[in-house]
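Read the structure below first, then the notes.
Positions are given from 1, in the same order as the sequence printed here.
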Amino acid sequence: MALLTEKEISSALKSLDGWQGGKAEIEKTFVLRNFVDSMGFVNKVALLSEKVDHHPDILIRWNNVFITLSTHSEGGVTEKDLNLAREIEKAL
């Protein structure tokens, strides 16, 4: 899978509310009601990630879930990352 250009990433992020980043990675902080909701959301993301065999970096701080996407094997952002970000948005 090919790396995306800054322009391609910037254009795609316009349709992904709250996501930001550049060539190396894209990220978003999700704010949920409480820790239990955060864990439930993370479990949904885990199932989505397994389904497409593409796994984000996830940090949980009580009601905040920080998700970072990058295609490590390619050294930056690819269409895989944008596709997973779109699926994560649907999981809310």
Side-chain angles (χ1 to χ4, degrees):
M1 180 138 308
L3 288 174
L4 299 175
T5 66
E6 289 275 351
K7 186 175 181 179
E8 291 170 323
I9 296 165
S10 177
S11 177
L13 290 178
K14 289 177 184 174
S15 66
L16 288 165
D17 186 41
W19 288 86
Q20 58 186 346
K23 287 185 66 117
E25 62 191 24
I26 60 174
E27 62 188 7
K28 180 175 179 177
T29 300
F30 294 86
V31 180
L32 296 113
R33 288 185 311 159
N34 53 47
F35 184 71
V36 172
D37 286 351
S38 294
M39 293 305 297
F41 175 64
V42 168
N43 284 325
K44 288 180 186 178
V45 171
L47 292 172
L48 289 170
S49 301
E50 277 297 303
K51 184 177 177 181
V52 297
D53 193 30
H54 189 56
H55 305 93
D57 293 329
I58 301 173
L59 173 63
I60 305 161
R61 290 192 178 151
W62 192 66
N63 72 328
N64 292 291
V65 177
F66 305 87
I67 296 183
T68 304
L69 297 170
S70 180
T71 305
H72 301 292
S73 61
E74 297 295 327
V77 176
T78 67
E79 196 62 41
K80 274 182 126 175
D81 302 299
L82 296 174
N83 289 339
L84 184 53
R86 290 180 190 107
E87 291 301 313
I88 290 170
E89 286 298 314
K90 293 177 191 175
L92 283 175

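A single hydrophobic cluster is seen to contain both Leu92 and Trp19, as judged by linkage of ILVMFWY side chains at heavy-atom distances under 4.5 Å, directly or through other members. In the hydrophobic cluster analysis, where Ile, Leu, Val, Met, Phe, Trp and Tyr join through side-chain heavy atoms closer than 4.5 angstrom, Ile88 is grouped together with Val52. Leu69 and Leu3 fall into different hydrophobic clusters, where Ile, Leu, Val, Met, Phe, Trp and Tyr residues are linked whenever their side-chain heavy atoms come under 4.5 Å apart, directly or through other members.
Between Lys80 and Glu74 there is no salt bridge, since none of the side-chain N atoms of the basic residue sits less than 4.0 Å from a carboxylate O of the acidic one. Salt bridge status for Glu87 with Lys90: present, with a side-chain N to carboxylate O gap under 4.0 Å. For the pair Glu8 and Lys23, the salt-bridge criterion is not met [side-chain N within less than 4.0 Å of a carboxylate O].
Shown here for Gly22 and Val77, the closest heavy-atom pair between the two residues is O-CG2, 3.2 Å. Among all heavy-atom pairs drawn from Asn64 and Ser38, the shortest one is N-OG, 4.0 Å. Ala12 and Arg86 make their closest contact through CB-NH2, 4.2 Å (heavy atoms, listed as atom of the first residue, atom of the second, distance). The minimum heavy-atom distance between Ile67 and Pro56, with the atom names listed, is CG2-CB, 3.8 Å.
Note on ring orientation: taking the six-membered ring where Trp is involved, the planes of Phe30 and Phe41 are tilted (angle from 30° to 60°).
The closest donor-acceptor contact from the side chain of Ser70 to the backbone of Ala24 lies under 3.5 Å. Here the side chain of Ser10 pairs no donor or acceptor atom with the backbone of Glu6 at under 3.5 angstrom. Judged by distance alone, the side chain of Asp81 and the main-chain N or O of Glu25 form no donor-acceptor pair under 3.5 Å. The backbone N or O of Glu50 lies less than 3.5 Å from no partner atom in the side chain of Asp53, so there is not a single donor-acceptor pair. Panel note: side chain Lys14, backbone Ile9; no donor-acceptor pair is recorded below 3.5 Å. Formation of a donor-acceptor pair under 3.5 Å by the Asn63 side chain with backbone atoms of Phe35 is not found in this model.
Looking at Leu82 and Leu16, their side chains come closer than 4.5 Å, going by heavy atoms from C-beta outward. Phe66 places none of its side-chain heavy atoms less than 4.5 Å from the side chain of Asp57. Considering only heavy atoms from C-beta on, Ile26 stays 4.5 Å or farther from Thr68 through its side chain. The closest side-chain heavy-atom distance from Gln20 to Glu27 is below 4.5 Å. The shortest distance between side-chain heavy atoms of Val65 and Thr29 does not fall below 4.5 Å.
To the nearest 0.5 Å, the span separating CG on Asn83 from CG on Leu48 amounts to 12.0 Å. Put simply, CH2 on Trp62 and CE on Met39 are 14.0 Å apart, with the number rounded to the nearest 0.5 Å.
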For this session: I would like to know whether Leu84 and His54 meet side chain to side chain contact (heavy atoms under 4.5 Å, CB included); could you show each step before the answer?
Result: CA-CA 8 Å; Leu84 184 53; His54 189 56; 3.9 Å; yes

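Shown here is Asn34, whose CG atom has more than 12 heavy atoms of other residues, nucleotides or ligands within 6.0 Å.
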